[in-house]
Amino acid sequence: MYGAIEAGGTKFVCGVGTGPGDLQTATIPTAAPEETVAAAVGFFRDAGIHVRAVGIGSFGPVDLDRDSPAFGRITSTPKPGWRNFDIAGAVAGAMGVPVGFDTDVNAAVLGETRWGAAAGLSDALYLTVGTGIGGGAIVNGSVLHGLVHPEMGHIRIPHNLDEDPFPGCCPFHGDCLEGLASGPAMEARWGVDAGRLPDGHEAWILEARYLALGLASWVCTLSPKRIILGGGVMSRSFLFPMIRENLAGLLAGYIGARELTEGLDDYVVAPKLGGRAGVAGCLVLAGEALHRSRSPAACGVAR
Ligand code: ZN
């Protein structure tokens, strides 16, 4: 059995299990860091099951560089109390088992490639569209980290101010993708919670185009074999055909792969694990951490 912590800005989803089939979860509101970690550790203790490792998929930005002194920390978040908090160290110290650590969206793409909509694929993209926009990617079979980790929600997309005068709501960039197309951006632009906008509202035409512009960039750069769209905004399933149609128009037939021509219905899809992709992916992170801790190269603190 492994432990899983999907650490979000408003809630922690904790789980124990070996996969989605036996995964038992509980939700803890995100309070002060020490208090929240103590509640998560309490969940594992109360479950009465010895977990051999714990995987954490965290909100960010986070430090994923195992050679960095700040590894395992949430870094520059504006969330009070959490800036520079060593979440992986706190959990490892309290649980005494190896801890795997990655972003929440990388955990989600791991869950979906192990058990879900991208099972068996070497390259996949998971994008969540909700209170923020974030993406995780598997490229050539490995989770994409790079210099830090991708911040896909903050890419710049064309923004026609005559058509959409809303300046965007990202505190760093204004009209980046997240600033234009997240749930809070929709609410700020239209004056109503995105969940209450009716299906036929013009808001969705703009939303589908903005998200497709993001997807077109990642199709051309990461070349994923499937794209999975999750998060609260994407619970409006009518968005999927709208996004596919926009994406096809933007790519204009240039990339000849069947997936991007007649196969788009199977290319841009919803998460098969639904809202549990992230917490399930944390089980994958836990398994990897256990494996690393047993490898000859491991020494000292198991990371
Ligand atoms: Zn931004």
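Start at 1 and go down the list; that is how both ligands and their atoms are numbered. Below, all heavy atoms of this structure are taken into account, side chains as well, without hydrogens, waters or symmetry copies.
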Item to complete: Could you tell me whether a side-chain N or O of D63 sits under 3.5 Å from a main-chain N or O of G72, the two making a donor and an acceptor?
Response: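 No; zero donor-acceptor contacts below 3.5 Å.
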Worksheet item: Would you say the side-chain atoms of R244 pair up with the backbone N or O of Y267, donor to acceptor, closer than 3.5 Å?
Response: no
Worksheet item: Which of the N/O/S atoms in H154 sits closest to the Zn ion (ligand 1)?
Response: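 Result: ND1.
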Worksheet item: Which is the closest N/O/S atom of H173 when seen from the Zn ion (ligand 1)?
Response: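 Nearest N/O/S atom: ND1.
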Worksheet entry | Angular separation of C176 SG and C170 SG about the Zn ion (ligand 1), given to 10° |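 Between SG of C176 and SG of C170, at the Zn ion (ligand 1), the angle is about 110°.
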Worksheet item: Should H145 and D102 be marked as a side chain to side chain donor-acceptor pair (under 3.5 Å) after you check the CA-CA gap, both sets of side-chain angles, and the distance that decides it?
Response: CA-CA 9 Å; H145 287 160; D102 214 315; 2.7 Å; yes
Practice prompt. Using side-chain contact (heavy atoms from CB on, under 4.5 Å) as the criterion, point out the one residue from H50, M1, M95 that pairs with F44.
Written response: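 The passing option is M95.
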